[in-house]
Amino acid sequence: DKLALFCNVPANHVLQNLDVEYLYEAPLAMEEEHLAQVACECLNLECPEPDLKEWREMCTAWKNPKTSVSIALVGKYTQLHDAYISVVEALKHGGVANYASVDIRWVDSELLTKENADELLGGVSGIIVPGGFGDRGIEGMVLAAQYARENKIPYFGICLGMQIALIEFARNVLGYTDAHSVELETTHPVIHLMPDQEGIDDIGGTLRLGSYPCVLNTDSIAYKMYGTETIHERHRHRYEVNNDYRKAFTDNGIMLSGISPDGRIVEMIENVDHPWFIGTQAHPELKSRPNRPHPLFKGFIKAALDYQENN
């Protein structure tokens, strides 16, 4: 009543916003305060009963997982977990879809070495390498991709993570021991600048940004998860797969599972000799929602659960 008096609003328009155990319970808590009814009343609109069945079911699954799974997130910004908040939430969305809680093991790629790989990565059921820029921590990410490939652990590479997977494959399978991105000195630049980016130093406004179409290989795992041949994903990158190395990759076990409609840009890759090893140039985490988990994250967690059950 005091708030209503001093804010000059009806008393029944003063709603309490109490803490909830899980973030995604907040809309349900506000509905218990009749937020929709109050908003519609202010706007002189009719207020049908909100259909929150799907959201309630999602929150119930979130609070009552049937199992848990351990995922290693390997990156260079791991000391600031919020740097990967979109990826973390998307992993949790994928967990909810599989009735599982996701336990994230934060692995600083700068500290990952051959000597401690078993210690830092042993026991996880999935490895994800998200996006990033620059050369710091790159070698640790390469080791993580190698560890996942050799031990058949589900691997999910996002943007830089996809490029890392190809660098590792080029070095240890194709035999190009110095393979790297064109950013660094190498005789085998398996990752290079997009053609329209060469000679541009001010990268802020020249990155490949926004939503772009991608055509999936109908024999790919990605196609099975998306359920459609043409998809659209959001991008933020300046480098891409060097097309000069396409044949070397495809002749030795890498499927180019997603290609731009004009055939110029490799958007997604898969290792055909691995149960679940996928890289995407896009950022699918940006399109994941708690009640609509992104197909790749849902599939990644399912693969991790399968790995966990069989190992």
Side-chain angles (χ1 to χ4, degrees), residues 1-69 71 73 77 80-104 106 128 130-131 156 158 209-212 225-228 231-236 282-302 304-305:
D1 289 339
K2 184 176 181 180
L3 284 170
L5 177 64
F6 281 90
C7 296
N8 194 29
V9 297
N12 68 338
H13 288 191
V14 179
L15 312 179
Q16 61 178 352
N17 187 12
L18 300 178
D19 288 348
V20 290
E21 184 177 2
Y22 295 93
L23 171 66
Y24 298 118
E25 291 184 286
L28 301 179
M30 295 309 299
E31 178 53 28
E32 291 178 5
E33 291 291 305
H34 307 294
L35 173 63
Q37 183 178 342
V38 168
C40 289
E41 182 180 311
C42 290
L43 297 169
N44 294 318
L45 298 173
E46 291 186 9
C47 185
E49 186 70 22
D51 182 5
L52 295 172
K53 179 183 178 182
E54 182 186 72
W55 198 268
R56 292 185 191 280
E57 290 176 349
M58 178 271 294
C59 286
T60 298
W62 196 290
K63 296 173 67 175
N64 300 283
K66 295 179 180 179
T67 185
S68 63
V69 65
I71 302 295
L73 192 156
Y77 315 122
L80 180 63
H81 292 184
D82 277 2
Y84 298 111
I85 189 66
S86 296
V87 173
V88 170
E89 290 302 303
L91 287 169
K92 293 179 180 178
H93 301 164
V96 169
N98 288 282
Y99 298 94
S101 62
V102 177
D103 300 322
I104 295 178
W106 296 91
I128 186 168
F156 190 9
I158 297 176
L209 295 168
S211 180
Y212 286 87
M225 289 185 293
Y226 277 97
T228 185
I231 61 172
H232 290 77
E233 292 290 357
R234 292 171 61 181
H235 289 255
R236 187 178 188 275
H283 286 273
E285 70 273 18
L286 300 178
K287 294 180 69 174
S288 187
R289 300 293 181 267
N291 59 330
R292 297 190 304 277
H294 192 283
L296 292 179
F297 281 91
K298 181 179 178 180
F300 175 57
I301 297 301
K302 174 64 167 61
L305 288 167

How long is the span from the [atom1] atom in [X] to the [atom2] atom in [Y], to the nearest 0.5 Å?
X	Y	atom1	atom2	value
Leu286	Arg289	CG	CZ	8.5 Å
Leu45	Gln37	CG	CD	12.5 Å
Glu32	Leu15	CD	CG	12.0 Å
Met30	Leu28	CE	CG	11.5 Å
Arg56	Asp51	CZ	CG	9.5 Å
Asn8	His13	CG	NE2	12.5 Å

Which heavy-atom pair separates [X] from [Y] by the least distance, and what is that distance?
X	Y	value
Leu305	Ser68	CD2-O, 4.2 Å
Glu46	Cys40	O-SG, 3.8 Å
Pro130	Tyr84	CG-CE2, 3.3 Å
Tyr77	Gly131	CE1-O, 4.3 Å
Ala26	Val20	N-CG2, 4.0 Å
Lys287	His232	NZ-O, 2.7 Å

For a 4.5 angstrom cut-off between non-hydrogen side-chain atoms, does [X] reach [Y]?
X	Y	value
Pro27	Leu52	no
Asn64	Tyr99	no
Tyr226	Glu233	yes
Pro293	Val96	no
Met225	Lys302	no
Glu285	Ile158	yes

Going through the checks in order, is the side chain to side chain contact (heavy atoms under 4.5 Å, CB included) test met by Ile301 and Ile71? CA-CA 9 Å; Ile301 297 301; Ile71 302 295; 4.2 Å; yes

Show your reasoning for whether side chain to side chain contact (heavy atoms under 4.5 Å, CB included) applies to Ile104 and His81.
CA-CA 11 Å; Ile104 295 178; His81 292 184; over 6 Å; no

Any chance OH of Tyr22 has more than 12 other-residue heavy atoms, nucleotides or ligands included, within less than 6.0 Å?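 Correct, the count exceeds 12.
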
Sorted by chain and residue number, the ring-ring contact (aromatic ring centres under 6.0 Å, His included) partners of Phe300 (sequence neighbours excluded) come out as Phe156, Trp276

Can you run down the ring pair (Phe, Tyr, Trp, His ring centres under 6.0 Å) pairs that involve residues 23-44, sequence neighbours left out, and say none if there aren't any?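 For residues 23-44, and leaving out neighbouring residues, the ring pair (Phe, Tyr, Trp, His ring centres under 6.0 Å) pairs sorted by first residue read Tyr24-Trp62, Tyr24-His93.
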
Per side chain to side chain contact (heavy atoms under 4.5 Å, CB included), Glu89 is matched among Leu91, Ile85, Val87 by Ile85

*asked:* Could you walk me through whether Val14 and Cys7 satisfy the side chain to side chain contact (heavy atoms under 4.5 Å, CB included) test, starting with their C-alpha distance in whole Å, then the side-chain angles of each, then the deciding distance to 0.1 Å, before giving a yes or no?
replied: CA-CA 9 Å; Val14 179; Cys7 296; over 6 Å; no

